[in-house]
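Worksheet for the structure shown next.
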Amino acid sequence: MIAMILDFNEIKKEDVLVAGGKGANLGEMTSAKINVPSGFVITADTYRDFLKVNGIDILIENGIKKSVDDERKLLNEAEHFRGKIKSGKFPEMLENAIREKYFNLGNNTRVAVRSSATAEDLPDASFAGQQETYLNVQGIESVLNAVRNCYASLWGNRAVSYRFHQGYDQTSVSIAVVIQEMIESEKSGVLFTVNPVNKKENEMQINASFGLGESVVSGRVTADSYIIDKSGKIAQVNIGSKETQIIYGDKETVEVAVSSDKRKTRALNDREILELMKCGLEIEKHYRMPMDIEWAIKNDIVYILQARAITTLKNSENDITCNDLIEKYTKGKKIKKDTREVMSFFLEKMPSAHRVLDFDYLMAINDQKVNILSEGGIILPRNPIIDDDGIQTFSDEGKRIGKNIFKFFNILKNMKDFEFCYKKCKDFMNIYETEIEEIKHLNFENMTLTECGNFLEESYALLQKLAYDRFKYALFPSVLNSKKFTKIIKKVNSNYSSFDFYWDLDNKTSVITNDVYTMACEIRKNEALKRAIISGDNFKELYKNYNDFKNITDEFMKDNGFKSDYNCYCLSAKTFLEDPDRLTNILRPILNENSNESKDIKDFSKLMESIEGIYGKKYQDIEKQIKYFRYFHVVREESQYLWETLFYYVRKCVKRINFILLGDENIEIGVANLFHKELLKAINRGNLNESDKEKINRRNEKFPLAVKVWEASKLLIFKTDGDALKGVSGSTGIAVGKVCLINSPKEFYKMKKGDILVCHLTDPEWTPLFKLASAVVADTGSALSHAAIVAREYNIPAVLGVGFATTKFKDGDTIQVDGNTGEVKGC
């Protein structure tokens, strides 16, 4: 007779069908005398008995028969199954056994109650993560409820839908439940027994933060990173920002801010690092393979919470340290000067390698410039380029003349007709705003695969049309005529350029900036709220605890919620709505300055008075042309906001597709590795065939190489000779100051008044930092990029497109930024 309940020390790794994947692994480590928190497993057969005693097994069998070929009916039946399971009663013998085992752990002990599906570790299935885990469960009644909820989660929509689309027998899967004492860890994290970056087998990597391990495993915080060789020498320490920690609350775990002083210190001391290294070596030796280990420390004792094989290590040609392989894509390429100039701006839109589906969405935008020029007989190569492995680099082909060259001057004439372009912009913006508004009412949660495919196809076409109209009737006319406007304005001030006509303009960047400063002014009226933001409280806590904050952020999100961190990444971007902590990151440095000053607005009306005084009778026509010129810039930003909004819903759609085809929403390692046409074919077919799966696996394996090749490809664009970095002048002037290196909005808190902002790129989210900065240096960009436009508004020097400022300089370095010559050098 198989036992209803087994202690961890009674279980081995072979017992997956009894204890599920998690339970078997915890039992294996306990048997190996590894310090695993105490616990037990309610076996999979016990789940089947529970169904039988409550008559739910017959209910499930009949329900599945009625809906075997209809997913919607099956999901409706599953909802019925879940209700019956949650209200079911445990057999008296089982309930008494659970009570006894729970009380043996201690009086009212906090435990984790985890689903452990019997299929989750099978090589051809991806069931892991589809069932529920409950943390900080306390009291026997709460434990029993959590066990029932784990049972019910086997019939959750995600799990049922995945089994349906993969053809698994819905009645063949079972579930065990792990009940394990929770460690109220002071520090926690993960350990890799092989360096996962350079694949060195003699090195380990430890990621660590404060509180419970959920914050590190889920990626909610930027944890410390320690590299240690297996002899015990600490080779590298990178202190993460560790913004928050997860701790016990009254009924569940809660996320709270970490103090600013604590964030700057190491989470682990040398003794703790060495102790973790010893544990890692012991576990690696036992399993005879590289391991990914979750750990916790309480009262100087190291506990091992989970260990699994590292599956991403490959000793093959995919090794990302293989320079020969990288050079295969870049060696011998000579990029022409005009291509380099265009691509240095483009790299602001594509700072890192894309997954292939993301690349297709980027090129849906970028290709429209090529298409427009082709209509006028100028043929440009598609740039950047991508191969079937998903490796991206630049083409060294030059431009050529095509058969449509005789149409060029007619197209040019239309682009110089501002009134014609103005009317076109007015018309298409109304159309696209209406279409995007309609998309907001779609229900992506319950879309069928066919409906998802239709949306994916229609949204892609919409993006192409939007980008085409934006470039042809707003951006190109502005660029082609910018010299004319520079000539006009230089009669007012020889240091001005055409971009100075954007003063006091209500474009999306200015709107967001002004809204942020308005918020800061309101927040300063509530001292407790202000202190909470500065000390690092996260958005969720602030929203829950302060009605003032809730009201002003609701208003901000309504107007600006779809603004994303990377506006040309469809799948990997995040909007304010998806990552609201971005907003608190922006507010923190502004509130630190303790001033209600808003941005100094240059007086556009006075500028126009000067223009009128200079040009006299010609003024009326010039004024109209300037109005159009300014409007094109508004269209440039508003149209971009439209496609950022569209991307938000494309992400919802792609997650739904991934869920239907692969059982989870992890698109990054799933369908994002199929090109747009490949994914549409799979959707039309109704499943992923062997070729699709091979491509997904191959491109996942090759992605580390794609990242390295893309970084190497930047050397084809940027010049790195000499001590000084040479780039593009974005805003004139010279400044000397200390570097503040900002890699992401999570580091905005570092910025102090007078620092020189050094970053990879900026977008509207970064605008408040310009008020604090004495100058700006960015790896990417051009005179048209966000950093240039905003730097000119704030009268600070900016040098852009320097390539590698973020790797050459570090925090505290003193540098000189020469916005007149476009040079940056150390002092």
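Remember, it's a predicted structure, so these values are computed and weren't measured experimentally.
Ion pairing of K550 with D554 is present here, as a side-chain N (NZ or NE/NH1/NH2) and a carboxylate O approach within less than 4.0 Å. A salt bridge does not link R656 with E451: none of the charged nitrogens is closer than 4.0 Å to a carboxylate oxygen. Taking the charged nitrogens against the carboxylate oxygens, E294 and R308 do have a contact shorter than 4.0 Å, which makes a salt bridge. A salt bridge does not link E79 with R82: none of the charged nitrogens is closer than 4.0 Å to a carboxylate oxygen. A salt bridge between E184 and R110 is absent, with no side-chain N of the basic residue lying under 4.0 Å from a carboxylate O of the acidic one. We find that K544 and E541 are joined by a salt bridge, their nearest charged nitrogen and carboxylate oxygen being less than 4.0 Å apart. The pair K52-D49 fails the salt-bridge criterion, with no side-chain N (NZ, NE, NH1 or NH2) lying under 4.0 Å from an Asp/Glu carboxylate O.
Between the CG atom of D537 and the CG atom of L529 there is a distance of 9.0 Å, given to the nearest 0.5 Å. Note: L688 CG to K693 NZ = 6.5 Å, rounded to the nearest 0.5 Å. Distance check: M447 CE to I657 CD1 gives 9.0 Å after rounding to the nearest 0.5 Å. Atoms SG and CD1, from C150 and I179 in turn, are 8.0 Å apart once rounded to the nearest 0.5 Å.
Taking the six-membered ring wherever Trp is involved, the centroid distance between the rings of F90 and F50 falls below 6.0 Å. Here Y649 and F455 keep their ring centres 6.0 angstrom or further from each other. Not less than 6.0 angstrom separates the ring centroid of F40 from the ring centroid of F8.
For the salt bridge (Lys or Arg N to Asp or Glu O under 4.0 Å) test with E77, the passing option among K65, R72, K84, K66 is K66; the others fail. Test E284, Q205, M289 against V194 for side-chain contact (heavy atoms from CB on, under 4.5 Å) and you get one pass: E284.
Taking 4.5 Å as the limit, some side-chain heavy atom of F539 sits within range of a side-chain heavy atom of T553.
Although no hydrogens or angles enter the test, the distance criterion places a donor-acceptor pair under 3.5 Å between the side chain of S188 and the main chain of G211.
Counting non-hydrogen atoms of other residues, nucleotides and ligands closer than 6.0 Å to NZ of K33 gives a total of 12 or fewer. Enclosure of atom CZ in R271 by more than 12 non-hydrogen atoms of other residues, nucleotides or ligands within 6.0 angstrom is indicated. The environment of E527 atom CD is dense: over 12 non-hydrogen atoms of other residues, nucleotides or ligands sit within 6.0 angstrom.
Listed by chain and residue number, N585 satisfy the side chain to side chain donor-acceptor pair (under 3.5 Å) test with R588 (two or more places apart in sequence, or in another chain).
Using modelled atom types, one finds a donor on one side chain and an acceptor on the other under 3.5 Å when comparing N25 with Y287. Y226 and D224 form a side-chain donor-acceptor contact under 3.5 Å, judged by distance and modelled atom types alone.
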If you apply the rule salt bridge (charged side-chain N to carboxylate O under 4.0 Å, His left out), what do you find for K285 with E282, and how did you get there? CA-CA 5 Å; K285 182 180 179 181; E282 182 184 356; over 6 Å; no
Give the intermediate values and the outcome of ring-ring contact (aromatic ring centres under 6.0 Å, His included) for residues F562 and F576.
CA-CA 6 Å; F562 294 104; F576 283 124; over 10 Å; no
**Study point:** salt bridge (charged side-chain N to carboxylate O under 4.0 Å, His left out) assessment of E578 paired with K652
**Key:** CA-CA 11 Å; E578 294 163 293; K652 282 181 171 287; over 6 Å; no
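The heavy-atom pair separating C279 from I304 by the smallest distance is CB-CD1, 4.3 Å.
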